[in-house]
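For reference, the structure discussed in these notes is given below.
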Amino acid sequence: MKINRYKREVSAAVAFVTLLVAVGIVKPSFFDAGNLRDLIINNAPTLLIAVGMTHIILVGQIDISVGSQFAVCSIAAGVLAKTGMPLPLFLVCVLVTGAAMGALNGALIGRLRLPSIIVTLAMLVLWRDALRWATEGAWVQNLPSNFQWFGLSQHSGEWLILAITVLIFVCFGWALRNTVAGRMVYAVGSDSEAARLAGINGPNVVFWVFVLMGALTGIAALLNAVRFSEIPGNSGVGLELKAIAAVVVGGTAISGGRGTLVGTFIGVALLGTIGTALTFVGINPFWEKAIQGAIILAALVSDVALGRLEKNGKSSIAGAAAA
């Protein structure tokens with residue numbers, strides 16, 4: 001019964017294991033400890049953004065502006081660090097910057113009821129072009145010594161990034177399933193009208209979900225930026241596709257109301273492994289986007305097919321009961 005309930009997550013897990021086995025057979029060196037460590041650290045920011053995107057999709061919305069928000073927060077982190085601002089303070093400022101951009105999306109979508117796809121598309125272009133105008137395409141350089149890896153050694157910095165990511169993931173995974181706020185997210189995505197009749201303020205839930213998305217994007221941008229000695233102005237290009245793909249592949253219904261963060265984790269692991277796996281087996285890594293697109297399409301077709309099977313199954317049971 002449990003397996004049937006989480007069949008979408010199980011399907012993604014089977015695909016991930018199959019990928020690992022195939023790569024392991026062709027190139028056992030893929031499982032070198034250094035490569036696995038790099039793979040995990042590289043995908044930690046993506047996982048945080050996918051956590052926020054899961055909440056967005058669960059309420060039946062979409063956010064394709066996260067890549068541009070990621071770039072803005074990355075540049076903000078570098079600029080603030082160069083001012084000599086104390087580390088805890090500029091960490092908070094980066095988080096607030098992301099949350100503010102998310103709040104703008106939330107106000108337009110949740111309060112004014114504008115279509116999320118249109119709003120976030122406009123914001124994707126607006127933030128990216130505004131950043132290009134402000135920086136003139138220049139990278140943030142000459143960062144202070146206490147910026148990279150938070151002033152720690154690379155080994156300690158990597159463990160800190162991993163610890164922060166795991167803590168956030170576990171907290172939101174628990175909250176989504178065990179708190180009133182989490183149940184509201186599922187309720188609004190499942191049936192907004194029924195949620196309203198139950199006393200849930202749907203527009204308010206949508207607003208705060210976008211604020212959460214922005215805040216997590218800020219954290220992800222910071223954790224990514226501290227890995228390098230310079231920050232490019234074009235960070236986060238294509239990140240929205242990867243995050244949305246991971247959530248959908250992990251079993252979250254694009255129509256909202258159904259999905260888990262465990263599934264999202266599997267989706268991030270699967271899509272995050274593909275590029276490196278292609279490199280190891282000697283296939284041109286430019287195929288990564290095409291493969292991601294094919295996986296998204298397969299996941300959507302599977303979701304629709306499973307949804308129809310469930311609907312037909314319920315109809316058959318109802319018919320039998322009526323007879």
Side-chain angles (χ1 to χ4, degrees), residues 1-24 30-31 35-58 62-63 66 161-162 164-178 182 185-186 189 213 216 220 223 238-278 280 288-289 291-307 310:
M1 188 70 178
K2 282 285 185 181
I3 293 178
N4 186 59
R5 180 180 177 184
Y6 298 110
K7 50 184 172 289
R8 292 172 175 82
E9 289 86 347
V10 171
S11 298
V14 169
F16 179 51
V17 172
T18 302
L19 173 65
L20 293 180
V21 171
V23 176
F30 176 84
F31 291 98
N35 180 60
L36 293 179
R37 182 185 65 247
D38 291 343
L39 197 60
I40 292 170
I41 296 301
N42 288 341
N43 285 284
T46 305
L47 178 60
L48 291 183
I49 290 177
V51 168
M53 192 65 73
T54 302
H55 287 72
I56 294 287
I57 295 178
L58 280 174
I62 200 75
D63 189 348
V66 292
I161 289 174
L162 180 60
I164 293 172
T165 303
V166 170
L167 178 62
I168 291 174
F169 179 81
V170 170
C171 287
F172 279 103
W174 178 86
L176 196 56
R177 284 294 183 182
N178 297 283
V185 169
Y186 280 105
M213 178 78 260
L216 288 175
L223 295 185
L239 187 56
E240 57 282 336
L241 171 64
K242 195 170 185 179
I244 294 169
V247 174
V248 174
V249 168
T252 299
I254 197 68
S255 56
R258 186 179 66 247
T260 66
L261 283 184
V262 172
T264 294
F265 173 81
I266 297 170
V268 171
L270 174 60
L271 296 179
T273 302
I274 290 175
T276 304
L278 291 177
F280 265 80
E288 179 182 2
K289 297 298 182 185
I291 293 174
Q292 286 180 359
I295 291 175
I296 295 171
L297 183 60
L300 288 173
V301 171
S302 174
D303 185 64
V304 171
L306 288 172
E310 290 175 355

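Taking CG of Leu216 as the start and CD1 of Ile56 as the end, the distance is 10.0 Å to the nearest 0.5 Å. Here the CG atom belonging to Leu48 is positioned 9.0 Å from the CE atom belonging to Met213, to the nearest 0.5 angstrom. Thr54 OG1 to Phe172 CZ: the interatomic distance, rounded to the nearest 0.5 Å, is 11.0 Å. To the nearest 0.5 Å, atoms CD1 (Ile62) and CD (Glu240) are separated by 10.5 Å. Once rounded to the nearest 0.5 Å, the distance linking CG of Leu261 with CG of Leu58 reads 7.5 Å. Considering CG of Leu47 and OG1 of Thr264, their distance stands at 8.5 Å, rounded to 0.5 Å.
The aromatic rings of Phe265 and Phe169 are tilted relative to each other, their planes meeting at an angle between 30° and 60°.
Minimum interatomic distance between Thr260 and Tyr186 (heavy atoms only, all atoms of both residues): CA-OH, 4.2 Å. Between Lys242 and Leu271, the closest heavy-atom pair is O-CD1, 4.0 Å. Closest heavy-atom contact between Ala44 and Ile161: CB-CG2, 4.1 Å. Between Leu39 and Gly272, the shortest heavy-atom distance links the atoms CD1-O, 3.5 Å. Residues Ala50 and Val268 share a closest heavy-atom pair of CB-CG2, 3.7 Å. Pairing each heavy atom of Ala253 with each of Ile57, the nearest pair is O-CG2, 3.3 Å.
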